[in-house]
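Below: the structure, in structure tokens.
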Amino acid sequence: MIGNIGFTQSTSYVRETNTVGAEKTPAKQASNVELSADMRTLNAAKESIKHASDVDMDKVAAMKAMLKSGNLDVNLDNLADSIVEYYSPSK
């Protein structure tokens with residue numbers, strides 16, 4: 001019938017590997033490795049950083065409010081020095 005076309009037969013294929021002449025290697029035993037306290041602390045810090053936000057939205061809101069009200073005082077000399085220091089090659 002038109003409109004009722006389907007495929008009802010399925011075929012499974014299994015790939016066999018050639019094991020003739022292959023050497024069997026013994027299974028490796030799991031190693032017991034213990035991390036130092038410093039490494040455990042570092043791993044815990046990495047995990048907590050993964051879940052932390054990169055942007056402090058409270059500070060962003062405060063800066064927006066200061067800009068909007070005109071209460072933001074910018075020392076242009078300090079800003080310029082900071083930009084130059086940031087882009088200067090490390091000594």
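The first residue in the sequence is number 1, and the count goes up from there.
Separation of atoms NZ (K46) and CD1 (I49) is listed at 9.0 Å; rounding is to 0.5 Å. Atom-to-atom distance recorded for M57:CE and K64:NZ is 6.0 Å, nearest 0.5 angstrom. Rounding to the nearest 0.5 Å gives a distance of 12.5 Å between NZ of K59 and CE of M66.
Counting heavy atoms from C-beta outward, I83 and D81 have side chains that stay 4.5 Å or more apart.
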Run the side-chain hydrogen bond (donor to acceptor under 3.5 Å, both in side chains) check on S36 and D38 step by step: do they pass? CA-CA 5 Å; S36 68; D38 290 338; 5.2 Å; no

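A continuous path of ILVMFWY side-chain contacts below 4.5 Å connects M63 to L76, so both sit in one hydrophobic cluster. When hydrophobic clusters are built by joining Ile, Leu, Val, Met, Phe, Trp and Tyr residues whose side-chain heavy atoms come closer than 4.5 Å, directly or via intermediates, L42 is grouped together with L35. With hydrophobic clusters built from ILVMFWY side chains whose heavy atoms lie under 4.5 angstrom apart, L72 does not share a cluster with V60. Grouping the Ile, Leu, Val, Met, Phe, Trp and Tyr side chains by contacts below 4.5 angstrom, directly or via other members, places V84 apart from L79.
Nearest heavy atom pair, residue E47 against residue H51, reads O-CD2, 3.0 Å.
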